[in-house]
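What follows is a single structure, written as structure tokens, with notes after it.
Basis for what follows: all heavy atoms, side chains included, without hydrogens, waters or symmetry-related copies. The shown structure was predicted, so the numbers you read here are calculated from the model rather than taken from an experiment.
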Amino acid sequence: MFDKEVTIIGAGPAGLTLARILQIRGVRVRIFEHDSSFSSRDQGGTFDIHDDGGQKALIAAKLFDEFKLLSRPEGNSTKIIDKHGKIHYEDYGQPDDMSRPEIDRQVLRNLLLTALEPNTVTWGKHVTSIESLDNGQHKITFKDGTSEVTDFLVGADGTWSKVRSILTPIQPTYTGITFTETRISNPEATLPHIKDLVGEGNINVLSDDKGIFAQKNGDQSIRIYAAARVPETFKEQFDFSQYNVIRSMLLDVFSGWDEKLLDMINKSDDHFIPRLIYSQNLDEYWTTKFGVTIIGDAAHVMTPFAGQGANLAMLDALELADLLTSKDFSNESTAEANLKTFEQTMIDRARIFSDESFGNMNMFIAADAPKGATDFFKSMQPPE
């Protein structure tokens, strides 16, 4: 077992899961997080946590019973709709189906965070540089002028990982699609017809190489994502704090769509966040370097169209915890080889889902949509 302290950069699902499992196995852990606090920014919508993915990590973290109470199996309900409002496919999640229940990102993160030992996370630590030292150690320098030396460094710091930069110059690439996120805080009062349409799960409104995705959250609000193929500079072309401007722009992008569907944009909250969608080429990644590794989006960011990002991140964390607490890792002569095996396994698995998610993206955001998505979902149904 690794008998020194592990330093994790990033307090997202990957970093928090790793820290929790290591702590209950007796390994000293600290996390440095860029955000100033847990609630300093909107974390986004929901995750579906799979029984063959993130749930395995939650069981190892001894948090599965709490997860079951917080998750929503019925959140797997889904509908495929075209721009005229015609429903092409619908399936309703069952309240006892724990194969891939939904849970709000903020709720999952809080579950993991509160399970950690006090003061495990130091907030407001913006990494500016990382320097490789001798014996596998690394020096981390922060924007506030402080620095730390670590015996084993884990980058769980997302798409633009600072830790990844010491392993490889390869950076994620823009997929050509941007989501503009908004929400409906009280759909019961303001948009009951959208509340009924979304139901307990989500809807995918697809046509004309564009999409509007809506999902129910645990607080009864509805999270909206308007997706379109736009240049990477799209974010800089608009001031997203100018709500009326963004709303008008989106209504223009989706001109000709059913007016009742466009209420999701026209009558949403004054809250818009651009989320550019990136993915990473996993044909080449990095050469193993003892004393440091990366997991989750830092290692293999992909599009959200396979629902695998959080699940892979949490599996990465579980498997890295298994490695660090194994007898093999305490032997310096075999530790680097075992770390390489872990990384290769992680990337090989991620490559499968990355390819799938990219294919799904081009199936959902397509000129002939919703045909491809409808055919796909129908093919997944068991025969009558």
Original post:
Hey, any chance L153 and V121 share a hydrophobic cluster, counting ILVMFWY side chains that come within less than 4.5 Å of each other, even indirectly?
Top reply: yes

Original post:
Hey, mind stepping through N110 and V107 against side chain to side chain contact (heavy atoms under 4.5 Å, CB included) and telling me if it holds?
Top reply: CA-CA 5 Å; N110 188 58; V107 173; 5.8 Å; no

Subject >> Matching residue for E66 among T114, L58, L111 - test: side chain to side chain contact (heavy atoms under 4.5 Å, CB included) >> reply: L111

Subject >> Where L323 and F329 come nearest, the two heavy atoms and their spacing >> reply: O-CB, 3.1 Å

Original post:
Roughly how far apart are W123 CH2 and I31 CD1, rounded to 0.5 Å?
Top reply: 8.5 Å

Subject >> Pair Q280, Y278: side-chain N/O donor-acceptor within cut-off below 3.5 Å >> reply: no

Subject >> Whether S40 side chain and S37 backbone form a donor-acceptor pair below 3.5 Å >> reply: yes

Original post:
Taking C-beta and beyond as the side chain, do F142 and V127 meet within less than 4.5 Å on heavy atoms?
Top reply: yes

Original post:
With the threshold set at 4.0 Å, does a side-chain nitrogen-carboxylate oxygen contact exist between E188 and K195?
Top reply: yes

**OP:** State the CD1-OG distance between I273 and S241, to the nearest 0.5 angstrom.
**Re:** 12.5 Å

Original post:
Can V301 be reached from F47 by stepping across I, L, V, M, F, W or Y side chains whose heavy atoms are under 4.5 Å apart?
Top reply: no

Original post:
Got E200 and R72 here, is their nearest side-chain heavy-atom distance under 4.5 Å?
Top reply: no

Subject >> Under 3.5 Å donor-acceptor, N338 side chain and T334 backbone >> reply: yes

**OP:** Say whether T293 and E343, considering side chains only, have a donor N or O and an acceptor N or O under 3.5 Å apart.
**Re:** yes

**OP:** Please indicate whether Q237 has more than 12 foreign heavy atoms, meaning atoms of other residues, nucleotides or ligands, lying under 6.0 Å from its CD.
**Re:** yes

**OP:** Give a yes or no on whether a salt bridge exists between D322 and R25, defined as a side-chain N under 4.0 angstrom from a carboxylate O.
**Re:** yes

Subject >> Approximate separation, where rounding is to 0.5 Å, of F353 CZ and T303 OG1 >> reply: 13.0 Å

Original post:
Linking I/L/V/M/F/W/Y whenever any side-chain heavy atoms sit under 4.5 Å apart, do M380 and F305 land together?
Top reply: yes

Original post:
Have T120 and R20 got a donor and an acceptor in their side chains that come within less than 3.5 Å?
Top reply: no

Original post:
Can you find a pair of side-chain heavy atoms, one from N204 and one from Y89, that are under 4.5 Å apart?
Top reply: no

**OP:** Verify whether one side chain among D51 and S99 offers a donor that lies under 3.5 Å from an acceptor in the other.
**Re:** no

Original post:
Is the backbone of M98 close enough, under 3.5 Å, to the side chain of Q55 for a donor and an acceptor to pair up by distance?
Top reply: yes

**OP:** Step through the shown structure and confirm whether more than 12 heavy atoms of other residues, nucleotides or ligands are within 6.0 Å of NZ on K289.
**Re:** yes

**OP:** Show your working on side chain to side chain contact (heavy atoms under 4.5 Å, CB included) between D42 and R223 and close with a plain yes or no.
**Re:** CA-CA 12 Å; D42 191 326; R223 189 85 50 160; 2.9 Å; yes

Original post:
Which distance, rounded to the nearest 0.5 Å, do you find between the CG of N186 and the CD1 of I222?
Top reply: 10.0 Å

Subject >> Exam field: side chain D258 to backbone G85, donor-acceptor pair closer than 3.5 Å >> reply: no

Original post:
Between CG of N217 and CD of E102, what distance do you get to the nearest 0.5 Å?
Top reply: 9.0 Å

Original post:
Is there side-chain contact between I194 and K267, with heavy atoms separated by less than 4.5 Å?
Top reply: no

Subject >> Basic-acidic side-chain contact under 4.0 Å: R351, D348 >> reply: yes

**OP:** Walk me through it: do K83 and I212 pass the test side chain to side chain contact (heavy atoms under 4.5 Å, CB included)?
**Re:** CA-CA 9 Å; K83 66 179 180 180; I212 300 176; over 6 Å; no

Original post:
Can you tell me if CG on D239 sees more than 12 non-hydrogen neighbours from other groups inside 6.0 Å?
Top reply: yes

Original post:
With side chains defined as the heavy atoms from C-beta onward, is the minimum distance between L261 and L197 less than 4.5 Å?
Top reply: yes

Original post:
Is there a donor-acceptor contact under 3.5 Å from the side chain of S165 to the main chain of K162?
Top reply: yes

Subject >> Donor-acceptor contact present, side-chain H138 to main-chain G136, <3.5 Å >> reply: yes

**OP:** Could you walk me through whether K4 and F152 pass the side chain to side chain contact (heavy atoms under 4.5 Å, CB included) test, one step at a time?
**Re:** CA-CA 8 Å; K4 299 177 182 178; F152 194 92; over 6 Å; no

Original post:
Do any N or O atoms from the side chain of S357 and from the backbone of P304 form a donor-acceptor pair under 3.5 angstrom?
Top reply: no

Original post:
Sub-3.5 Å donor-acceptor pair from the side chain of T141 to the main-chain atoms of T128, do we have one?
Top reply: no

Subject >> Shortest non-hydrogen contact between G307 and D48, atoms and distance >> reply: O-OD1, 3.8 Å

Original post:
Does R164 come within less than 4.0 Å of D157, counting only side-chain N to carboxylate O?
Top reply: no

Original post:
Is any side-chain heavy atom of F342 less than 4.5 Å from a side-chain heavy atom of I295?
Top reply: yes

Original post:
So, do I49 and M314 sit near enough that their side-chain heavy atoms are less than 4.5 Å apart?
Top reply: yes

**OP:** Looking only at non-hydrogen atoms, find the nearest pair between A306 and R100 and report the distance.
**Re:** O-NH2, 4.3 Å

Original post:
Any donor-acceptor pair under 3.5 Å linking the side chain of S77 with the backbone of G93?
Top reply: yes

Subject >> Cluster overlap I265 with V253, hydrophobic side-chain contacts below 4.5 Å >> reply: yes

**OP:** Taking the side chain as every heavy atom from C-beta outward, state whether P172 and W160 have any atom pair closer than 4.5 Å.
**Re:** yes

Original post:
Where is the tightest heavy-atom contact between A335 and F290, given as atom of each residue plus distance?
Top reply: CB-CE1, 3.5 Å

**OP:** Say whether E319 and T345, considering side chains only, have a donor N or O and an acceptor N or O under 3.5 Å apart.
**Re:** no

**OP:** Determine yes or no for a side-chain-to-main-chain donor-acceptor pair under 3.5 angstrom, with Y225 supplying the side chain and G45 the backbone.
**Re:** yes

**OP:** Please report the shortest heavy-atom distance between I177 and A227, naming the atom on each side.
**Re:** CG2-CB, 4.4 Å

Original post:
Where do E5 and R30 land on the salt bridge (Lys or Arg N to Asp or Glu O under 4.0 Å) test, with the steps shown first?
Top reply: CA-CA 8 Å; E5 190 171 60; R30 56 183 176 173; 3.1 Å; yes

Subject >> Distance in Å, R247 CZ paired with F272 CZ, rounded so as to fall on 0.5 Å steps >> reply: 4.0 Å

Original post:
Any link between L318 and L324 through a network of hydrophobic side chains (Ile, Leu, Val, Met, Phe, Trp, Tyr) touching at under 4.5 Å?
Top reply: no

Original post:
Should the pair K125-E148 be classified as a salt bridge under the 4.0 Å nitrogen-to-oxygen rule?
Top reply: no

**OP:** Could you tell me which non-hydrogen atom of V292 sits nearest to which non-hydrogen atom of L167, and how far apart they are?
**Re:** CG1-CD2, 3.8 Å

**OP:** Considering only NZ, NE, NH1 and NH2 on the basic side and carboxylate oxygens on the acidic side, decide whether K56 and D52 come within less than 4.0 Å.
**Re:** no

Subject >> R183/D219 salt bridge by N-O under 4.0 Å criterion >> reply: no

